[in-house]
Participant: 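Handing you a structure now.
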Protein chains: 2
Amino acid sequence: MPSKNKELITELLKSSKLSITETRVKILELFLKSNGALEHADFEKLSGKSFDRVTIYRTLQTFLDKGIVHKIPTTDTSVRYAICRSECREHEHHDHHVHFRCEECGSTQCLEETDIPVLSLPKGYDVRNVEVVVSGVCKACH
Amino acid sequence: MPSKNKELITELLKSSKLSITETRVKILELFLKSNGALEHADFEKLSGKSFDRVTIYRTLQTFLDKGIVHKIPTTDTSVRYAICRSECREHEHHDHHVHFRCEECGSTQCLEETDIPVLSLPKGYDVRNVEVVVSGVCKACH
DNA sequence: AATAAATTGCAACTGTGTTGCAAAAGTATA
DNA sequence: TATACTTTTGCAACACAGTTGCAATTTATT
Ligand SMILES: [Zn+2]
Ligand SMILES: [Zn+2]
Ligand SMILES: [Zn+2]
Ligand SMILES: [Zn+2]
């Protein structure tokens, strides 16, 4: 099972034209292991503090640029990242799915199966992207 | 015109059971003047740096607690606040309107007239609040 | 294996948000 | 209006988040 992930990760990095480094592999492993979004502090904790903070920042930025991960809006100062399953490409993030934040367990999940609804804004507004963040109680905590 | 705002602000503070102080009046004036959401740095700039950072943080937190302002989700580390026009009460923010972020001018606006659409999530998810943030080009920049 | 290119870690720095406490301002009462 | 009481503010100090330049290390290429 872990070796299967490693193959997948190698392929993902190659197809993004990124060199395969320990940090990148480890961070992608954490994304695949976790069932929700992660924020910067999680990587420092989960990785056993083996990586420098700066490296983690830079790796996440690289993954963002390449469309490997996307950000999820929050009302606080934290920045949450989730791995892109499908529709993101380099420098062009379109997350056509809803995000869910559980008020019980604090996890943030991508609801890939739930489409963003169609919105009609007042005239004069040119819509490029729509983000939906739902908060409440998740499946597991219910 | 400015005196009319001042009356309005005084009433607002009184009805929230808050004492009327220079900082609070000034910050509410800035909210009423601005046509979009503001973040912490804006208050330091716009107020002419007359207030201490700490005071601004505490004032915004007080306004949040009293339902005078609400937060708007972002994908970066900034926290944006907008004044509540209607439906918020103490410790209970329900922003049943859409937020718009203009990629040209950088402003964030409350679209009070645009309702949050109805969503159907997978079974087991208990929805308490839905936030919608649209990005694109605003009326003024079009 | 040698070279070239990219990535990482460190040091130093800037910015953001918090807490405790004394001074100042606001409110209530006489 | 003067006084006492309560709340708010500003300062100092701190903890944590994020950035930049540069040299050392790692990865890819030949
Ligand atoms: Zn949960
Ligand atoms: Zn997602
Ligand atoms: Zn605009
Ligand atoms: Zn709003």
Participant: In whole angstrom, give the distance that lies between atom CZ of B:F63 and atom C1' of D:dT8.
Facilitator: 12 Å
Participant: Rounded to the nearest Å, what distance is computed from the NZ atom of residue A:K45 to the P atom of nucleotide D:dC16?
Facilitator: 11 Å
Participant: How close or far is atom P of C:dA6 from atom NZ of A:K66, stated in whole angstroms?
Facilitator: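 Computing the A:K66:NZ to C:dA6:P distance gives 11 Å.
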Participant: Are B:F43 and B:F31 close enough that their ring centers fall under 6.0 Å?
Facilitator: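 Distance test on ring centres: under 6.0 Å, yes.
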Participant: Between A:K26 (NZ) and C:dT7 (C1'), how many Å, whole number?
Facilitator: 19 Å
Participant: Calculate the interatomic distance between A:I27 atom CD1 and C:dT8 atom C1'; express it in whole Å.
Facilitator: 12 Å
Participant: Rounded to the nearest Å, what distance is computed from the CG atom of residue A:D42 to the P atom of nucleotide D:dA17?
Facilitator: 11 Å
Participant: Are B:L38 and B:Y81 side-chain neighbours, meaning at least one heavy-atom pair lies under 4.5 Å?
Facilitator: no
Participant: List for me each residue that meets side chain to side chain contact (heavy atoms under 4.5 Å, CB included) alongside B:T23, sequence neighbours excluded, and say none if there are none.
Facilitator: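 Checked B:T23 against side chain to side chain contact (heavy atoms under 4.5 Å, CB included); matches are B:T21, B:I27, B:F51, B:T55, B:T59.
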Participant: Would you give a per-nucleotide map of nucleotides 18-30 of chain D, 5' to 3', where B means the base has a protein non-hydrogen atom under 4.0 Å away, S means only the sugar-phosphate does, and - means neither?
Facilitator: BBBB-----SS--
Participant: Let me know the distance between CD1 of B:I56 and C1' of D:dC11, rounded to the nearest Å.
Facilitator: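 So the two atoms are 15 Å apart, to the nearest Å.
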Participant: Strictly by modelled atom types, are B:T108 and B:R80 linked by a side-chain donor-acceptor pair under 3.5 Å?
Facilitator: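 The answer is yes; a qualifying pair exists.
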Participant: With sequence neighbours excluded, tell me which residues meet side chain to side chain contact (heavy atoms under 4.5 Å, CB included) with A:P122.
Facilitator: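 Once residues adjacent in sequence are excluded, the partners of A:P122 under the side chain to side chain contact (heavy atoms under 4.5 Å, CB included) criterion are A:Y125, B:L111, B:E113, B:T114.
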Participant: Using whole Å, report how far CZ of A:R24 lies from P of C:dG9.
Facilitator: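 Nearest whole value for this atom pair: 12 Å.
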Participant: Do A:E131 and B:E131 come within less than 4.5 Å of each other through their side chains, counting heavy atoms only?
Facilitator: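 Counting from C-beta outward, A:E131 and B:E131 never come under 4.5 Å.
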